[in-house]
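The structure appears right after this line, and notes come after that.
Position 1 is the first residue of the sequence, and the numbers go up from there. For the numbers below, each heavy atom of this structure counts, side chains included, while hydrogens, waters and symmetry mates do not.
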Amino acid sequence: QVQLVDSGGGLVQAGGSLRLSCAASGRTFSSYVLGWFRQVPGTEREFVAAIGWRGEWTYYADSVKGRFTISRDNGKNTMWLQMNSLKPEDTAIYYCAADPRVTTVSMRRYPNMYNDWGQGTQVTVSS
């Protein structure tokens with residue numbers, strides 16, 4: 001199990017940028033596939049991006065491809081989500097997630113494929 005703390009959310013105008021961070025405790029950070037999800041209250045949690053154990057692969061939702069970049073530094077036990085060209089529809093609570101299991105990359109879009117979650121950070125994009 002790994003403890004995750006996500007941060008970096010805030011209020012930004014459309015077209016602006018934010019960088020979210022996810023800091024993890026524990027010495028086995030590199031054993032986890034990591035992901036970002038977002039959720040608007042009253043709706044289902046939506047996949048945003050995922051990254052492999054050593055960053056050897058990345059996977060994005062179509063809605064953020066070309067605008068968001070996921071990255072990680074195992075030496076710092078940290079993952080980031082760089083969000084550019086933000087749109088009002090990106091407004092949500094963003095959660096980082098971690099899971100040690102081996103599975104196909106496409107399965108990483110499902111919330112039930114992750115065991116550990118951060119507490120969430122609010123991102124609000126004004127028009």
Side-chain angles (χ1 to χ4, degrees):
Q1 189 174 7
V2 62
Q3 284 71 51
L4 304 174
V5 177
D6 34 33
S7 62
L11 173 63
V12 63
Q13 288 188 332
S17 298
L18 280 175
R19 190 174 80 153
L20 306 183
S21 299
C22 177
S25 63
R27 294 176 291 178
T28 59
F29 185 70
S30 60
S31 300
Y32 292 84
V33 169
L34 304 173
W36 286 100
F37 287 75
R38 64 189 183 187
Q39 188 171 23
V40 175
T43 69
E44 293 186 353
R45 196 162 290 191
E46 177 190 18
F47 171 74
V48 175
I51 187 166
W53 297 267
R54 299 173 304 281
E56 70 276 20
W57 56 261
T58 57
Y59 178 44
Y60 295 94
D62 288 343
S63 59
V64 306
K65 201 173 294 182
R67 300 189 297 123
F68 291 10
T69 302
I70 188 171
S71 61
R72 67 188 294 168
D73 185 331
N74 289 341
K76 296 180 179 179
N77 278 17
T78 303
M79 170 179 64
W80 297 274
L81 184 69
Q82 178 67 43
M83 305 186 296
N84 298 329
S85 302
L86 282 161
K87 305 175 181 180
E89 51 263 44
D90 294 318
T91 295
I93 302 171
Y94 282 70
Y95 298 89
C96 62
D99 190 86
R101 293 169 291 180
V102 176
T103 185
T104 57
V105 172
S106 61
M107 292 297 290
R108 291 300 177 185
R109 70 183 303 111
Y110 299 107
N112 62 1
M113 294 306 298
Y114 296 84
N115 278 335
D116 302 301
W117 293 84
Q119 81 287 358
T121 185
Q122 175 71 48
V123 172
T124 303
V125 184
S126 62
S127 57

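Residue M107 is grouped with residue Y95 when hydrophobic side chains (ILVMFWY) are merged at heavy-atom distances under 4.5 angstrom, including chains of intermediate members. The hydrophobic clustering, which links ILVMFWY residues whose side-chain heavy atoms are closer than 4.5 Å, places V123 and Y60 together. Linking Ile, Leu, Val, Met, Phe, Trp and Tyr residues whenever their side-chain heavy atoms come within less than 4.5 Å places V105 and V102 in a single cluster. Under the 4.5 Å side-chain heavy-atom criterion for Ile, Leu, Val, Met, Phe, Trp and Tyr, F37 and I70 are members of distinct hydrophobic clusters. Taking hydrophobic clusters as Ile, Leu, Val, Met, Phe, Trp and Tyr residues chained together by side-chain heavy-atom distances below 4.5 Å, W57 does not share a cluster with V48.
One finds the CE atom of M79 at 8.0 Å from the CD1 atom of I51 (value rounded to the nearest 0.5 Å). One finds the CG atom of L4 at 12.5 Å from the OG atom of S21 (value rounded to the nearest 0.5 Å). For the atom pair CG (L81) and CG (L34), the distance works out to 12.0 Å, reported to the nearest 0.5 Å. For the atom pair CG of D6 and OG1 of T78, the computed distance is 12.0 Å after rounding to the nearest 0.5 Å.
Residues in residues 58-94 take part in no disulfide bond (SG atoms under 2.5 Å apart) pair, two or more places apart or across chains. For residues 43-53, the pairs satisfying salt bridge (Lys or Arg N to Asp or Glu O under 4.0 Å) are R38-E46, with sequence neighbours left out. For residues 113-123, the set of pairs meeting the salt bridge (Lys or Arg N to Asp or Glu O under 4.0 Å) definition, not counting sequence neighbours, is empty. Note on residues 45-89: no pairs pass disulfide bond (SG atoms under 2.5 Å apart), not counting sequence neighbours. The list of disulfide bond (SG atoms under 2.5 Å apart) pairs with a residue in residues 84-127, not counting sequence neighbours, reads C22-C96.
A cation-pi contact links R72 to F29, judged by a cut-off of 6.0 Å to the six-membered ring centre and 45° from its axis.
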Distance-only check: which donor-acceptor pairs under 3.5 Å involve side-chain atoms of residues 12-20, not counting sequence neighbours?
| from | atom 1 | to | atom 2 | distance (Å) |
| --- | --- | --- | --- | --- |
| S17 | OG | N84 | OD1 | 2.9 |

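Salt-bridge annotation for D90 and K87: absent, with no side-chain N of the basic residue lying under 4.0 Å from a carboxylate O of the acidic one.
With sequence neighbours left out, T28 forms a side chain to side chain donor-acceptor pair (under 3.5 Å) with no residue at all. Scanning for side chain to side chain donor-acceptor pair (under 3.5 Å) contacts around Y59 gives R109, with sequence neighbours left out. Residues satisfying the side-chain contact (heavy atoms from CB on, under 4.5 Å) test with S71, not counting sequence neighbours, are W80. Listed by chain and number, the residues in a side chain to side chain donor-acceptor pair (under 3.5 Å) with S25 are Q3 (sequence neighbours excluded). Partners of N112 under the side chain to side chain donor-acceptor pair (under 3.5 Å) rule, at least two apart in sequence or in another chain, do not exist in this structure. Partners of D99 according to the side-chain contact (heavy atoms from CB on, under 4.5 Å) rule, which considers only residues two or more places apart in sequence or in another chain, are R101, R108, Y114, N115.
A tilted orientation is assigned to the rings of Y94 and F68, their planes being inclined by 30° to 60°.
Between T91 and Q122, the closest side-chain pair of non-hydrogen atoms falls below 4.5 Å.
Remark: side-chain polar atoms of Y110 are not paired, donor with acceptor, to backbone N or O of F47 under 3.5 angstrom.
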Between V33 and W53, is the side-chain contact (heavy atoms from CB on, under 4.5 Å) condition met? List the steps. CA-CA 5 Å; V33 169; W53 297 267; 3.4 Å; yes
